[in-house]
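The next block holds one structure in the form of structure tokens; read it before the comments.
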There are 2 protein chains.
Amino acid sequence: MTGNSPDFTVSLRAAGLRPTRQRVALARVLFEGGHRHVTAESLHAEVKATPMPVSLATVYNTLNQFRDAGLLREVVVAPGRSYFDTNTGHHHHFFVETDGELHDFPSDEVTIAGLPAPPEGTRLSRVDVIVRVRR
Amino acid sequence: MTGNSPDFTVSLRAAGLRPTRQRVALARVLFEGGHRHVTAESLHAEVKATPMPVSLATVYNTLNQFRDAGLLREVVVAPGRSYFDTNTGHHHHFFVETDGELHDFPSDEVTIAGLPAPPEGTRLSRVDVIVRVRR
DNA sequence: CAAGAACCTTAGAACCATTCTAAGTTATTG
DNA sequence: CAATAACTTAGAATGGTTCTAAGGTTCTTG
């Protein structure tokens with residue numbers, strides 16, 4: 001038995017996505033190992049050199065599908081590009097403005113009190129906290 | 001005397017910007033009346049019909065300059081477009097994801113406790129809270 | 001107030017991230 | 001294993017934003 005790599009075939013199927021070779025390859029890069037932040041370009045660059053290179057169009061498609069399926073979270077902190085975060089649990093972000101780096105921090109220890117009620121006719125979707133820092 | 005409109009000539013000059021007709025016209029649209037959120041396109045559409053129409057390129061230039069001068073704050077909440085907020089004081093945002101609307105709320109009553117320390121070698125720039133809601 | 005210099009505006013081209021198109025390929029189902 | 005539905009892809013298209021370079025405006029200084 002190979003033994004040590006999660007079966008992305010089944011998790012993709014569970015998410016309602018066909019486990020194609022490209023999606024499995026991307027899932028491996030994304031979800032094997034700890035949490036990560038990628039952009040479409042950075043992920044494409046990373047996967048381009050592997051035995052299963054994936055086109056940029058598919059990288060975009062896949063990131064959007066994974067996001068829609070709840071496997072990724074899209075993070076928008078700066079104009080012009082989207083980040084995708086493999087951590088989909090409750091957490092917030094440091095954004096290092098001077099070099100475009102993004103870091104998670106858990107929301108456990110953070111308390112936000114006194115938020116106003118959502119506008120009439122809307123329901124809460126999520127609260128994002130972005131701590132912007134510079135070097 | 002005309003009497004009732006602030007002198008944008010002096011505030012622009014104070015911000016280190018030549019008070020050109022275009023910049024004064026945009027300042028009027030932006031800063032006369034209460035706080036607003038605009039995009040480059042929405043501001044251009046608004047000013048296009050006036051006695052001092054301004055090109056789209058200049059709208060972009062001016063928004064960037066006003067932002068750099070601290071007269072506007074850029075708000076990035078969704079991929080693909082930037083909002084500019086005439087409220088540069090401490091406050092946070094509701095973002096209505098279903099229709100792209102942005103609303104301010106004061107930060108006075110909001111308390112954020114337990115934020116982790118900024119990463120080594122960085123200093124805090126700003127803390128943004130974005131309350132995402134849907135209709 | 002004239003004249004030069006510095007700065008600004010603009011149309012259109014260019015750019016860059018992202019999405020679309022259409023044709024070929026692959027996974028699934030029976 | 002054939003039919004079908006879903007997927008991938010190169011390249012074109014899109015949309016927001018920035019750049020270019022040519023002409024106009026504002027400022028400074030005497």
Side-chain angles (χ1 to χ4, degrees), chain A residues 7-29 37-48 50-69 71-72 74-84 100 102, chain B residues 7-29 37-48 50-69 71-72 74-84 100 102:
Chain A
D7 190 346
F8 292 112
T9 294
V10 347
S11 36
L12 287 177
R13 233 188 286 270
L17 297 166
R18 275 193 191 175
T20 64
R21 318 195 240 118
Q22 291 85 343
R23 299 214 268 232
V24 170
L26 292 173
R28 266 206 272 266
V29 172
H37 299 101
V38 302
T39 63
E41 290 289 350
S42 79
L43 181 57
H44 181 235
E46 201 172 336
V47 89
K48 213 164 32 178
T50 70
M52 176 77 255
V54 176
S55 74
L56 183 58
T58 297
V59 169
Y60 274 104
N61 291 340
T62 304
L63 286 173
N64 288 153
Q65 292 152 175
F66 283 12
R67 187 238 295 114
D68 293 347
L71 303 175
L72 288 176
E74 187 169 4
V75 183
V76 183
V77 285
R81 84 193 322 100
S82 275
Y83 293 80
F84 290 86
L102 203 56
Chain B
D7 190 346
F8 291 110
T9 294
V10 348
S11 35
L12 287 177
R13 232 188 287 270
L17 296 166
R18 275 192 190 177
T20 64
R21 321 198 238 113
Q22 290 86 343
R23 299 212 268 230
V24 171
L26 292 173
R28 266 207 271 267
V29 171
H37 299 100
V38 302
T39 63
E41 290 288 349
S42 80
L43 182 57
H44 182 234
E46 201 174 336
V47 90
K48 214 164 32 179
T50 70
M52 176 76 255
V54 177
S55 75
L56 183 57
T58 297
V59 169
Y60 273 104
N61 290 340
T62 303
L63 286 173
N64 287 155
Q65 292 153 175
F66 283 12
R67 187 240 295 116
D68 293 347
L71 303 175
L72 289 176
E74 187 169 5
V75 183
V76 183
V77 284
R81 83 192 325 98
S82 274
Y83 292 80
F84 290 86
L102 202 56

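Proteins come first, then strands; the chains are lettered A, B, ... in the order of their sequence lines, and each starts at number 1. Values in this document were obtained by computation on a predicted structure and should not be read as measured data.
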Whole-Å gap separating [atom2] ([N]) and [atom1] ([X]):
X     : N      : atom1 : atom2 : answer
B:Y60 : D:dT17 : OH    : C1'   : 5 Å
A:D68 : D:dC7  : CG    : C1'   : 16 Å
A:L26 : D:dT8  : CG    : P     : 9 Å
A:N61 : D:dG11 : CG    : P     : 17 Å
A:R23 : D:dT9  : CZ    : P     : 11 Å

### Summary
5' to 3', nucleotides 24-30 of chain D under a 4.0 Å protein heavy-atom cut-off (B base, S sugar-phosphate only, - none) gives -SBS---
Gap separating the [atom1] atom of [X] from the [atom2] atom of [Y], nearest 0.5 angstrom:
X      : Y     : atom1 : atom2 : value
A:F84  : A:L43 : CZ    : CG    : 9.5 Å
B:L26  : B:L71 : CG    : CG    : 12.0 Å
B:L102 : B:T39 : CG    : OG1   : 11.0 Å

#### Entry: Residues which pass side-chain contact (heavy atoms from CB on, under 4.5 Å) with A:A40, listed by chain and number, not counting sequence neighbours
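Partners of A:A40 under the side-chain contact (heavy atoms from CB on, under 4.5 Å) test: A:V59, A:Y60, A:L63.
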### Query
In chain order, what residues pass the side-chain contact (heavy atoms from CB on, under 4.5 Å) check against A:D68, with sequence neighbours excluded?
none
### Summary
By nearest-heavy-atom nucleotide on DNA chain D, the more 5' of B:F84 and A:L56 is A:L56
### Task
Using the test ring-ring contact (aromatic ring centres under 6.0 Å, His included), find all partners of B:H44 that sit at least two apart in sequence or belong to another chain.
none
### Task
Report yes if a side-chain nitrogen or oxygen of A:S55 is closer than 4.0 Å to either non-bridging phosphate oxygen (OP1 or OP2) of D:dT9; otherwise report no.
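Yes, because at least one side-chain N or O of A:S55 sits under 4.0 Å from OP1 or OP2 of D:dT9.
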Enumerate, atom names and distances included, each donor-acceptor pair closer than 3.5 Å involving a side-chain atom of residues 75-82 of chain B, sequence neighbours excluded.
from  : atom 1 : to    : atom 2 : distance (Å)
B:S82 : OG     : B:E74 : OE2    : 2.6

### Message
Under 4.0 Å, counting only non-hydrogen atoms across every strand here, what does A:T39 touch: a base, just sugar-phosphate, or nothing?
### Response
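Nothing, no nucleic acid heavy atom in range.
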### Task
Check every strand shown and say whether A:N64 touches a base, only sugar-phosphate, or nothing at a heavy-atom separation below 4.0 Å.
sugar-phosphate
Side-chain polar contacts of residues 10-19 of chain B - donor-acceptor pairs under 3.5 angstrom, sequence neighbours left out - could you list them?
from  : atom 1 : to   : atom 2 : distance (Å)
B:S11 : OG     : B:D7 : O      : 3.4
B:S11 : OG     : B:F8 : O      : 3.3

### Query
By side-chain hydrogen bond (donor to acceptor under 3.5 Å, both in side chains), which residues pair with B:T58, not counting sequence neighbours?
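For B:T58 the side-chain hydrogen bond (donor to acceptor under 3.5 Å, both in side chains) partners, ignoring immediate neighbours, are B:S55.
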Distances under 3.5 Å only, N/O to N/O: pair up the protein atoms with those of nucleotides 12-15 of chain D.
none

### Query
With a 4.5 Å heavy-atom cut-off, do A:R23 and A:Q65 have their side chains touching?
yes
### Task
Give the angle between the helix axes at the two ends of the helix from C:dC1-D:dG30 to C:dG30-D:dC1, taking five base pairs at each end and rounding to 10°.
40°
### Task
Could you name each residue pair satisfying salt bridge (Lys or Arg N to Asp or Glu O under 4.0 Å) that touches residues 52-66 of chain A, not counting sequence neighbours?
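Passing the test, one end in residues 52-66 of chain A: no pairs.
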### Query
Which residue pairs satisfy the salt bridge (Lys or Arg N to Asp or Glu O under 4.0 Å) criterion with at least one member in residues 37-47 of chain A, sequence neighbours excluded?
A:R36-A:E46
### Task
Under the side-chain contact (heavy atoms from CB on, under 4.5 Å) rule, what do A:V47 and A:T50 come out as? Steps first, then yes or no, please.
CA-CA 5 Å; A:V47 89; A:T50 70; 4.0 Å; yes
#### Entry: Contact boundaries on DNA chain C for chain A, cut-off under 4.0 Å to non-hydrogen atoms
C:dA17 to C:dT28
